[in-house]
Amino acid sequence: MITSMTGVARREAHGVYGQLAIELRSVNHRFLEPGFRLPDELRAIEPELRQALARQLRRGKVDCSVHLRSTATAAQALQVDDTAVARLMAAARALSDKGPVAPTLDALEVLRWPGVLRDDSVDRELLQAAAQQLFNDALTELVAARAREGVRLRELVLQRCSALVAIVAQVSARVPEVHARVRERLTARVAELQAAVDPARLEQELVLLLQRLDVAEELDRLNGHLDEIQRIVGAQGGEAAGRRHDFLMQEQNREVNTLSSKSQDLEMTRSAVDMKVLIEQMREQIQNVE
């Protein structure tokens, strides 16, 4: 079953640490590209969160925002980290020694620097454990949202596949008639010229012409691609199928372009245009498939 790369999930929790909120948003992307915005208190668990995300998702650009808001029950007991301040000042002096740069730091700028202020009133391990559990809950919700969107995409893709199968069948049924009309036109043209023509040579040229106009291989390959798309869409589990669908869209376009270039019939040309429209509509949906 195909899965969408689009989804949103949000979870909140309250505790002695205050109010914790996690929001996940995912959109289509060629690869898995996670982005995290975490408060200083939770930066240490970012690797674990990335690993949890990679275990559940294969493709998509995923933005993870974590917000921590202290409440009255989580009174702030802010302490200045002397080690962090010392490192910051040393870096400023080193920059000044390298050139004519004269950095100036005031007290507010120093306090805003990540890691300078720490909250000793909050149990970091308790907060990190709560954040990991809340992230897992939000991730489960995101996976479910992407699966629901995948069901909708599956229906849209199968609708286009059914329409394409019907058009391919119509074109296949029309091929003998088109060949017969080509034969009639060529025979009538030769008769108009009133020239002496070797019947065997005329038949040979006619066969060569019909071979150049024959679209049976293109129609067979189109049917094969449509069968493969329907198989992948309906398959349970397995690897991400979005890239395979992308390649199949390219192959379908190639076959329809060849069919259109060979066409000597107005109705067949119109059918090729209709197929291109359906393939483009399908491609737009496939871009969101994981």
Next item on the list: Nearest 0.5 Å please: distance from the OG atom of Ser4 over to the CZ atom of Arg154.
Entry: 15.0 Å
Check: Which pairs count as side-chain hydrogen bond (donor to acceptor under 3.5 Å, both in side chains) when at least one residue sits in residues 215-224, sequence neighbours excluded?
Finding: Glu218-Lys262, Arg221-Glu255
Next item on the list: Walk me through it: do His67 and Leu20 pass the test side-chain contact (heavy atoms from CB on, under 4.5 Å)?
Entry: CA-CA 6 Å; His67 304 282; Leu20 186 63; over 6 Å; no
Item checked: Any residue meeting salt bridge (Lys or Arg N to Asp or Glu O under 4.0 Å) with Lys276, in chain and number order, not counting sequence neighbours -> none
Margin query: Let me confirm one number: the CE-CD1 distance from Met249 to Ile279, rounded to the nearest 0.5 Å.
Written below: 7.0 Å
Run the side-chain donor-acceptor check on residues 30-39: report pairs under 3.5 Å with partners two or more places apart or on a different chain.
residue: Glu33; atom: OE1; partner: His29; partner atom: NE2; Å: 3.0
residue: Glu33; atom: OE2; partner: Lys61; partner atom: NZ; Å: 3.2
residue: Arg37; atom: NE; partner: Ser65; partner atom: OG; Å: 3.4
residue: Arg37; atom: NH2; partner: Ser65; partner atom: OG; Å: 2.7

Check: How far apart are the closest heavy atoms of Ile22 and Ala131, and which atoms are they?
Finding: CD1-O, 3.5 Å
Note to self: I need the minimum non-hydrogen distance between Met5 and Val289, along with the two atoms involved.
What the structure shows: CE-O, 3.3 Å
Notebook entry, point to check: Should Arg124 and Leu42 be marked as a side-chain contact (heavy atoms from CB on, under 4.5 Å) after you check the CA-CA gap, both sets of side-chain angles, and the distance that decides it?
Noted result: CA-CA 8 Å; Arg124 288 291 182 94; Leu42 297 175; over 6 Å; no
Checklist line | Minimum heavy-atom distance between Gln230 and Cys161, given as atom pair plus value | finding: NE2-CB, 3.8 Å
Item checked: Under the salt bridge (Lys or Arg N to Asp or Glu O under 4.0 Å) test, residues paired with Asp265 that sit two or more places apart -> Arg174, Arg181
Margin query: Using the salt bridge (Lys or Arg N to Asp or Glu O under 4.0 Å) criterion, which residues pair with Arg10? Sequence neighbours excluded.
Written below: Glu12, Glu23
Check: Would you say Thr3 and Arg58 make side-chain contact, with heavy atoms under 4.5 Å?
Finding: no
Notebook entry, point to check: Listed by chain and number, what are the side-chain hydrogen bond (donor to acceptor under 3.5 Å, both in side chains) partners of Arg160, not counting sequence neighbours?
Noted result: Gln281
Check: Closest approach of Leu139 and Ala52, non-hydrogen atoms and distance?
Finding: CD2-O, 3.4 Å
Next item on the list: Locate the shortest heavy-atom distance separating Val66 from Cys64; write the atom from each residue and the value.
Entry: CG2-SG, 4.0 Å
Check: Measuring from Arg283:CZ to Leu278:CG, what's the distance to the nearest 0.5 Å?
Finding: 13.5 Å
Margin query: Between Arg231 and Glu228 (salt bridge meaning N to carboxylate O under 4.0 Å), is one present in this structure?
Written below: yes
Note to self: Please check: side-chain N/O of Ser26 versus main-chain N/O of Gly7, any donor-acceptor pairing under 3.5 Å?
What the structure shows: yes
Checklist line | Carboxylate-amine/guanidinium contact Arg43 Glu46, below 4.0 Å | finding: no
Note to self: Within the 4.5 Å heavy-atom criterion, are Met268 and Leu259 side-chain neighbours or not?
What the structure shows: yes
Next item on the list: Let me see the working for Val171 and Leu222 under side-chain contact (heavy atoms from CB on, under 4.5 Å), right down to the final yes or no.
Entry: CA-CA 12 Å; Val171 174; Leu222 273 173; over 6 Å; no
Next item on the list: Examine Val143 and Val62 and state if one hydrophobic cluster contains both, with Ile, Leu, Val, Met, Phe, Trp and Tyr joined whenever side-chain heavy atoms are less than 4.5 Å apart.
Entry: yes
Notebook entry, point to check: Leu24 and Leu134: same hydrophobic cluster, using ILVMFWY side-chain contacts below 4.5 Å?
Noted result: yes
Next item on the list: Using a 4.5 Å cut-off on heavy atoms from C-beta on, say whether the side chain of Phe135 contacts that of Gln132.
Entry: no
Margin query: Using the rule given for side-chain contact (heavy atoms from CB on, under 4.5 Å), can you reason through Leu156 versus Gln159, listing the C-alpha separation, both sets of side-chain angles and the distance that settles it, and then say yes or no?
Written below: CA-CA 5 Å; Leu156 293 174; Gln159 288 174 4; 4.1 Å; yes
Item checked: Spatial distance of atom OG (Ser271) from atom CG (Leu266) [nearest 0.5 Å] -> 9.5 Å
Notebook entry, point to check: Got more than 12 heavy atoms from elsewhere within 6.0 Å of CZ, Arg50?
Noted result: yes
Note to self: With rounding to the nearest 0.5 angstrom, report the CG to NE2 distance, Leu248 to His225.
What the structure shows: 7.0 Å
Item checked: Shortest non-hydrogen separation from Glu41 to Leu127 and the atoms involved -> CB-CD2, 3.7 Å
Item checked: Residue among Arg243, Arg244, Arg146, Arg59 satisfying salt bridge (charged side-chain N to carboxylate O under 4.0 Å, His left out) with Glu290 -> Arg146
Note to self: Which residue is it: Val157, Leu153, Ile286? I am looking for the one with a side chain to side chain contact (heavy atoms under 4.5 Å, CB included) to Val233.
What the structure shows: Val157
Note to self: Less than 4.5 Å apart, side chain to side chain, heavy atoms only: is that true for Arg152 and Arg148?
What the structure shows: no
Check: Are Val27 and Leu57 linked, directly or through other ILVMFWY residues, by side chains that come within less than 4.5 angstrom of each other?
Finding: no
Notebook entry, point to check: Going by distance alone, is a donor N or O of one side chain under 3.5 Å from an acceptor N or O of the other, for Gln133 and Asp137?
Noted result: yes
Notebook entry, point to check: Counting distance only, does the side-chain N/O of Ser260 pair as donor-acceptor with the main-chain N or O of Val256 below 3.5 Å?
Noted result: no
Next item on the list: To the nearest 0.5 Å, tell me how far Ile229 CD1 sits from Leu158 CG.
Entry: 10.0 Å
Check: With a 4.5 Å heavy-atom cut-off, do Leu164 and Met282 have their side chains touching?
Finding: yes
Checklist line | Common cluster, Val165/Ile167, ILVMFWY with side-chain heavy-atom separation under 4.5 Å | finding: yes
